[in-house]
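Just so we're clear, the structure is a prediction, and the values are computed from it rather than from any experiment. In what follows, chains are A, B, ... by sequence order, proteins preceding strands, each numbered from 1. Below, all heavy atoms of this structure are taken into account, side chains as well, without hydrogens, waters or symmetry copies.
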Amino acid sequence: MNKFSPGQISEFQTRLVDWFQKNKRKLPWREKPNWYKTYLSEIMLQQTTVEQGLPYFKKFIDNFPTIIDLANSEEQRILYLWSGLGYYARARNMHKAAKKIRDEFAAEFPRDYKDALSIPGIGPYTAAAILSIAFNKTHAVVDGNVSRVISRIFAISKDIRLSSTQKQITEKAKLLLDPENPGLFNEAMMELGALICTPLKPDCNNCPVNLQCRAQAKNLVNEIPYKSPAKAKKKKFNLVFILRFNNKICLAKRPDTGLLAGMWEFPVKELNAKQFESFGENNLDQNFGIINTGPTVQSPKYRHQYSHIDLTYQAVITDLRDSVVQLSDYYEYKWLNFAELFDYPIHNAHKKILEWLKSLVSG
DNA sequence: AAGGCGGGGCA
DNA sequence: TGCCCAGCCTT
């Protein structure tokens, strides 16, 4: 009852892979595949849906057709093309990775698992995915999709966040893996999780392995996987300054570590909830050391949810009497023409402000 | 082992 | 508005 027999494993593999070959999505990295396309797509699809990553994959393949092109690029160029996709450490690690592959692995992806793990941005999942999909090496992948599929197949109802549960799932993934077609099998597992065995309302009627699914048999599909509740996000409030002087606008670079590292933005002052509600009644000079020459223009309030922060923010357009501003939180900033603002890697919260600014200019 | 790190989408 | 999705890295 607790174990799949060799016959059942073989049947599972056959049914799954047959389903995959008939139902897989047409995706650009699946056309004329090579390891570089696999690598690029796997990095981009970490914590990211296919729909969201698709336009970025096309951009990167167009701009950097080979790993050498990627390695030879500037980091700011990579961040610019990546801006809006999030988790920007991926982009910076990708640049480091490309240089390492170029210099230490003769511009070829290493075939060894430990070597793959030594590359920045490549962990257990990505190493197994690239080695199996691009080189048909026998490594089982465990990503979010696979975790969900396996927890249902084996009716594992323990908290899926626990590392002990992940360990158990990894063992099951190795057990099910088809050693003859590891790449195909891994892709099929992930595609099943993405198309059929979805987090909400899984399409069990069209599942190729529903007869082997213990969650289905026990009518527990909606209870598995169990995930313990997430912590509440911290609420934060930002006042964003559109500082203007001589028809130029100030844009600043965030520090190289932490949230949105290395991305550009309009200078920000973090306020508490009370300050955020009342700043308009105060004098910007007294409160922020900013000397404005006239009335300010306020943007609508925006909300932006990060994985651990619930941010509310609002921009004010402020004309300065001189260009001396106290921006001690930033080590680099520039005064730019309006059009030049669009040439910098700006994170999404401030892209919304830029869009608002654009609507003022054109409207 | 736990927490930091984006952005999109849904009820 | 609250809350879901989730690999890699650092601590």
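Here the nucleotide nearest the side chain of A:D143, chosen from C:dG7, C:dG2, C:dA6, is C:dG7.
Remark: A:A140 engages A:A173, A:K174, A:L177 in a side chain to side chain contact (heavy atoms under 4.5 Å, CB included) (not counting sequence neighbours).
As a whole-Å value, the separation of A:Q166 CD from C:dC8 C1' is 14 Å. Rounded to whole angstrom, the span from the NE2 atom of A:H95 across to the P atom of C:dC8 amounts to 21 Å. In this structure, CD of A:E42 is placed 10 Å from P of C:dG7, rounded to the nearest angstrom. In this structure, A:L45 atom CG and C:dC8 atom P are separated by 12 Å, rounded to whole Å.
Residue pairs meeting the side chain to side chain donor-acceptor pair (under 3.5 Å) criterion with at least one member in residues 138-147 of chain A, sequence neighbours excluded: A:N145-A:R148, A:S147-A:Q166. Under the side chain to side chain donor-acceptor pair (under 3.5 Å) criterion, the residue pairs touching residues 111-123 of chain A are A:E108-A:R111, with sequence neighbours excluded.
Panel note: side chain A:E277, backbone A:K274; no donor-acceptor pair is recorded below 3.5 Å.
Within the nucleic acid shown, A:L200 has no heavy atom closer than 4.0 Å to any nucleic acid atom. Residue contacts for A:P229: at a heavy-atom cut-off of 4.0 Å it reaches no nucleic acid atom on any strand shown. Residue A:R148 is in sugar-phosphate contact alone, with no base atom involved, counting any heavy-atom pair closer than 4.0 Å across all strands shown. Contacts of A:K234 with the nucleic acid, taken as non-hydrogen atoms under 4.0 Å apart, are absent.
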Secondary structure of DNA chain C in dot-bracket form (Watson-Crick or G-U wobble, distances below 3.5 Å, | marking inter-strand pairs): |||||.|||||
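Between the P atoms of C:dT11 and B:dG6, the separation comes to 15 Å (whole Å).
The cationic group of A:K172 lies under 6.0 Å from the six-membered ring centre of A:F154 and within 45° of the ring axis, placing it in a cation-pi geometry.
Ion pair A:R254/A:E265 flagged as a salt bridge, since at least one NZ, NE, NH1 or NH2 atom sits closer than 4.0 Å to an Asp/Glu carboxylate oxygen. By the 4.0 Å N-to-carboxylate-O rule, A:K37 lies too far from A:E42 to be salt-bridged with it.
Between A:F57 and A:W29, the ring center distance clears the sub-6.0 Å criterion.
Residue A:I224 belongs to a hydrophobic cluster whose other members are A:L220, with links defined by side-chain heavy atoms closer than 4.5 Å.
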Sequence-aligned protein contact record of nucleotides 1-11 of chain B, with B where the base is within under 4.0 Å of a protein heavy atom and S where only the sugar-phosphate is: S-SSBBBS---
